[in-house]
Structure formats: C-alpha cells, structure tokens
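By convention in this document, chain letters (A, B, ...) are assigned in the order of the sequence lines, proteins followed by strands, and residues within each chain are numbered from 1.
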Protein chains: 2
Amino acid sequence: MKVLIVEDDPLHRSYLNEAVRAALPECDSVIEAENGIAGERIAREYKSAHIVMDLQMSPRNGIEAARTIWKERPETRILFWSNYSDEAYVRGVSRIVPDGAAFGYVLKSASDDRLRLALRSIFIEAQCVIDREVRGMQQKSLGQTNGFSDSEYEILVDIALGLTDRAIARRRNLSLRSVQNRLQHLYEKLGVHHPSMPKHEGPKHEGPEHDEGRFNLRSRAVTVAFLRKLLNYSALERAEAELGEWLRAR
Amino acid sequence: MKVLIVEDDPLHRSYLNEAVRAALPECDSVIEAENGIAGERIAREYKSAHIVMDLQMSPRNGIEAARTIWKERPETRILFWSNYSDEAYVRGVSRIVPDGAAFGYVLKSASDDRLRLALRSIFIEAQCVIDREVRGMQQKSLGQTNGFSDSEYEILVDIALGLTDRAIARRRNLSLRSVQNRLQHLYEKLGVHHPSMPKHEGPKHEGPEHDEGRFNLRSRAVTVAFLRKLLNYSALERAEAELGEWLRAR
DNA sequence: CAAAAATGTGCGGGATCCCGCAAGACGGAG
DNA sequence: CTCCGTCTTGCGGGATCCCGCACATTTTTG
C-alpha cells in the first residue's frame, strides 16, 4: 500500500507522515507533495496510491487537484485534512466526489486518535469518515430547510463575480426577471435589509424612498455571505476560473 | 526575559517554542496562548513579555490582539509570524504599530535561520525586521505610485461592506459626487472594465448601451480586490465591526 | 386529486449607479 | 502671481438595479 501526502506546510507534512506510518503499518511507502500541481503529477505516477490532502494550497488547491485526480481514477480514496469547516469548502468537496468513492474530511484540530481512526477506516475499510463539525455543515448545505439551495448558491457566486443581471440570465439560461427573483430570495435569506433597524418589521417595504442607513443589497449580500463563510477565497478562485472558461467559450 | 507565543496551531506553537528557546538562551520563560483573547489576558499578566504572534486566529485575530496590547503598553515588542503577505494584512499591521515601537513581520515559510535572526534582532536589539516579500507589499501599500492610496482603500472597504453611495458620503463627510468620483478612480485602478475585451480601448465609452459581457462594477471591484489580496476575511471582519460602531454612534 | 408552495416570466416604475461636462478650491512649480 | 495638477462639488442623463403586481407552470404536500 502506498500513501501520498499533499500538504504545503512542512510541519504538517512531517506530522502527517508520522501519523500515517504509525496508523498504517501495512503501508510500505509514503510520498509527499507540497502543492496541488505536484500532487496531481505524483498521483499519476503512483496510480495505486491513497491520498491525504490539504485543502488550501497554492498553486492549485486541494479541491481542484482532487477533481482532476478523481477524473482520471475515480476509485482513488482521498482524505481531506483541513483547518476549516467553511460551507464553501464542504460544498466544494461534496460537489466533486464521484459516486461510490470513499473519502474523508477531518479537521486539523482533531486528535491524533481521530486522525488514526479516519486513516484506517478510509484506506483499509473503504469507509467514508466525516468529522462531526463538518457533517453539521453538510446537513445545512444540502438540506434546503435552513441552508441554501443550489440555485441560490449559484446566483450568489454569480453576483460575487460581479456579473450583471443580464449576464447571469444568459449564463444560466433564465429570463431577466427570474434572475432578479432569485436575487430577492437570496437577499431575504441573508437578511440583508436594514443593518439593525427592525423599525417596521414585516417585509412590507412600503417604499424604498430615501431610507436612512440603506445598503447596496448586491454588494452587501456578497460580504455577508463571506462573513458567514458561505464563500471564501478558494471558492471565488474556482468560480472565477469557470467564468473565464465560459467567457472564452462564447 | 519572558516571551509569549500566541498561535492557534499546536504544531506551529511547539515549533515556535523550540525556536525561541534555541535563539534566546537568555530567555527564562516561554508562555503560550492559543488565540487572541487568551493572548491579551496573558500579556496583561506578564507585563514585561515580548510577543510572537500569529495573525489569523479565532476568536480575536492577531491584529486586534496587538492593537489592544499596544494600547495598554506601547513599548511591547511584537513579532508577527504569518502565512501570508496579503496587502490587507500588511496594511492592517502598519496602521496600528505605535511610533517608535519595535516589531517584526516574518513569513512562516522563512528558514529557521531567518526566524532566529529576527527573534534576536527584535527582542534584543529592539530593531524592526520585516521580510523582503512583505517589505515589497509595504512599499506598494504606502507609496501611491503603484499601489492604492488611503482614500482609495477606504472607499474600497466601504463598497465591500455594501454601503450605498449616499451612506459612504455621510460616513466620510463627502458629497455624493465625490464618492462616485473616487469610485471611478478605484474602478480604473482595479481594471474592472470589460473582462478581456479591449474592443475600443481609450476611455471614450461613447455609450454603455447593451454592451455584451459587461460587469457590475461595484461588486466586481470587491471580488477583484479580494482575488488580488487587497482585502481578506480579517480585514472585512474589522471593517464590519467599525461600521457597527459607527452605526450605533449615529 | 386538489390545495399549497415554489419557480419562471412579463410589465412597469422609483431608486441607484456610472459617468461625461464643467466650474470652484487648494497647493506646489516656475 | 500665474499656471497646472489634484480633489471636490453640482448637474444631468442613460443604464441598471430592486421590487410590487399578475399569471402560467412545476413540484410538493395533505
């Protein structure tokens, strides 16, 4: 059994190396890569390797690297080992994991023991292991009760990229009004109206006029999403790249 | 001599602990704190301590912690030890360092040797040490030739927060038109016009009309600033807090 | 199956935004 | 002092955004 470690921080890398050797005595070689690019390359060479991967790296973050690796070999088992449980990360990961593939998501703050358990579960039992904190996010991110539906998340990304209503309509094959409709739902869910003035609650609105401390809803929504960790840097980076492709394809 | 280490990652914390003991044999006690809150409290108890501090922590990041610590004891020497050299971080630090205080900024990617040097320079010689990569940012961030002036940065933060033109005008004591003026300068500097279509260059404009792949400049500017690391999460967090104060004060 | 909720689309209008044109204020260079 | 660049402010208008009202279609729920 071979294990590939993809992690940019040397300290964390050597820690992982030790943890893997201790947890998996049947593992006969541990290889290391220090970013997504190198990770992809080495994964191609050592085809049979299991992978432990950090999410935030540069160049090429963990999600992108995982996507190309899984595209080439969907049965690869990947354990994501990350500092954060941002919704943006969780959503990003769960969007790219192939059907039936074994993967894991544990936080760096997890105990040595939990990491050991996860390593054995995934790489030996082929069983998915997802940290409790992360699982919480996943529930919210997929169930539409409390969290955000895919279409709402989609339009959030679009306005974050700075697209015009019209541009969004073209990109998503919708009418202009539908886009604006989705925007309104988004604004409501984010609670973007009046900063802290529930003067007259109810969504009556009765007249925008020259209200006092009003926000620019579009920009405000992006920032609120950011502060709530619905978006983060790497999610934006990916979205920007996809936008670039789409623009080139037109 | 006492040294306080404020760092949330246990691996990095123990690495720092060793590095400090090795570099400063005259140091007789090394204390650790795992976030900004605890850091502030311990800094109050061990008044004479020098500090090595991470920037991104939660709750209370390094910049906020440093600000309150310096407010109580401005001669404290602080070495910032960070993963990134984002303009947002550099600007944040250089805005709060008291006159004549000794501080340092080194990246976590620096060699053991450079870290050792920095520790001795700051804590023994009271000399400022700033990594080359970071220094580059600082030049750009303060000189107005290539980087962004304070007023431009200010308005960038304001639109990122989702403020209306009118709201910005009130907050910064400007006329509406001036705000829009600054916005235009910002848009130009960020190069936010047409994604990749220098169809008719020159700022003639001649008619926005229903141009093809047009952006919503306001939102686009925020995202571009984000991707260029002029803004980041902690900068937004701070700005949001300041906005809250301002709103309450009105 | 029918009621209810969610979603897509059109129309219209008031509020904002983006920005060209132009005049006044301030400060440094000649 | 005059000239010139930078910053500020006002005016005006076309484009865009935000959103209420209305209606059709789809999905969910009871």
Side-chain angles (χ1 to χ4, degrees), chain A residues 143-145 147-156 158-194 202-222, chain B residues 144-145 148-156 158-160 162-194 200 202-222:
Chain A
Q144 59 268 52
T145 42
F148 289 74
S149 76
D150 279 349
S151 67
E152 285 158 346
Y153 186 75
E154 206 175 54
I155 206 168
L156 169 61
D158 284 340
I159 63 170
L161 286 174
L163 293 180
T164 277
D165 287 10
R166 196 183 337 259
I168 299 175
R170 275 203 303 273
R171 182 137 118 108
R172 306 298 182 190
N173 285 320
L174 291 172
S175 79
L176 203 61
R177 189 61 182 88
S178 294
V179 171
Q180 299 176 330
N181 230 329
R182 290 188 174 186
L183 279 176
Q184 280 186 247
H185 290 309
L186 181 67
Y187 297 151
E188 273 184 37
K189 280 216 180 169
L190 286 174
V192 157
H193 303 273
H194 22 55
K204 265 187 60 183
H205 258 221
E206 77 171 24
E209 280 168 4
H210 45 71
D211 225 348
E212 263 305 314
R214 197 65 178 269
F215 280 128
N216 173 323
L217 300 184
R218 181 170 282 245
S219 302
R220 182 69 186 162
V222 174
Chain B
Q144 60 269 46
T145 42
F148 289 73
S149 77
D150 279 350
S151 67
E152 285 158 346
Y153 186 77
E154 207 175 54
I155 205 167
L156 169 60
D158 284 340
I159 62 168
L163 292 179
T164 278
D165 287 9
R166 189 173 354 248
I168 299 175
R170 276 203 303 273
R171 180 137 118 108
R172 305 299 183 191
N173 286 319
L174 290 173
S175 80
L176 205 59
R177 188 62 182 87
S178 293
V179 171
Q180 299 176 331
N181 231 331
R182 292 188 175 186
L183 279 177
Q184 281 186 248
H185 290 314
L186 182 67
Y187 297 151
E188 273 183 38
K189 281 214 181 172
L190 286 174
V192 157
H193 303 274
H194 24 57
H200 46 247
K204 265 185 60 181
H205 257 225
E206 76 171 24
E209 282 169 1
H210 45 70
D211 226 349
E212 264 304 316
R214 197 63 179 268
F215 279 130
N216 174 323
L217 299 184
R218 180 170 282 245
S219 303
R220 182 68 186 162
V222 175

Requested in this report: Using only side-chain N and O atoms of A:Arg166, determine if any of them is under 4.0 Å from OP1 or OP2 of D:dT16.
Outcome: yes
Query raised in the report: To the nearest Å, how far apart are A:Leu186 CG and D:dC17 C1'?
Result: 14 Å
Query - Nearest-Å distance for atom pair CD/C1', residues A:Glu188 and D:dC18 - result: 12 Å
Query - Atom-to-atom span, CZ of B:Phe215 to P of D:dC17 - whole angstrom - result: 13 Å
Query - Beyond-backbone contact of B:Asp158 with B:Arg182, side-chain heavy atoms, under 4.5 angstrom - result: no
Query raised in the report: Does A:Gln184 place a side-chain N or O at less than 4.0 Å from the phosphate oxygens OP1/OP2 of D:dG20?
Result: yes
Query raised in the report: Atom CD1 of A:Ile168 and atom C1' of D:dC17: how far apart are they, to the nearest Å?
Result: 11 Å
Query - Nearest non-hydrogen partners of B:Arg220 and B:Val192, listed with the distance - result: CG-CG1, 3.7 Å
Query raised in the report: Is the shortest heavy-atom distance from the side chain of A:Ile155 to the side chain of A:Val179 under 4.5 Å?
Result: yes
Query raised in the report: Quick one: B:Asp158 CG to C:dC17 C1', roughly how many Å, whole number?
Result: 16 Å
**Report entry** side chain to side chain contact (heavy atoms under 4.5 Å, CB included) between A:Arg171 and A:Leu161, worked out
**Finding:** CA-CA 12 Å; A:Arg171 182 137 118 108; A:Leu161 286 174; 3.9 Å; yes
Report task. Mark up nucleotides 7-12 of chain C, 5' to 3', with B wherever a protein heavy atom is under 4.0 angstrom from a base atom, S wherever such an atom reaches only the sugar-phosphate, and - elsewhere. Result -> -SBBB-
Report task. Given side chain to side chain contact (heavy atoms under 4.5 Å, CB included), test B:Arg177 with B:Asn181 step by step and report yes or no. Result -> CA-CA 6 Å; B:Arg177 188 62 182 87; B:Asn181 231 331; 3.9 Å; yes
Report task. Using whole Å, report how far CG of B:Asn216 lies from P of C:dC17. Result -> 10 Å
**Report entry** Any side-chain heavy-atom pair of B:Thr164 and A:Phe215 under 4.5 Å
**Finding:** no
Query raised in the report: To the side chain of A:Leu217, which of D:dC18, C:dC18, C:dT16 is closest?
Result: D:dC18
Requested in this report: Starting at atom CZ of B:Arg220, determine the distance to atom C1' of D:dT16, rounded to an integer number of angstrom.
Outcome: 18 Å
Query raised in the report: Does the side chain of B:Ile159 come within less than 4.5 Å of A:Asn216's, by heavy atoms?
Result: no
Query raised in the report: C:dC17 C1' sits how many Å from B:Ile155 CD1, rounded?
Result: 12 Å
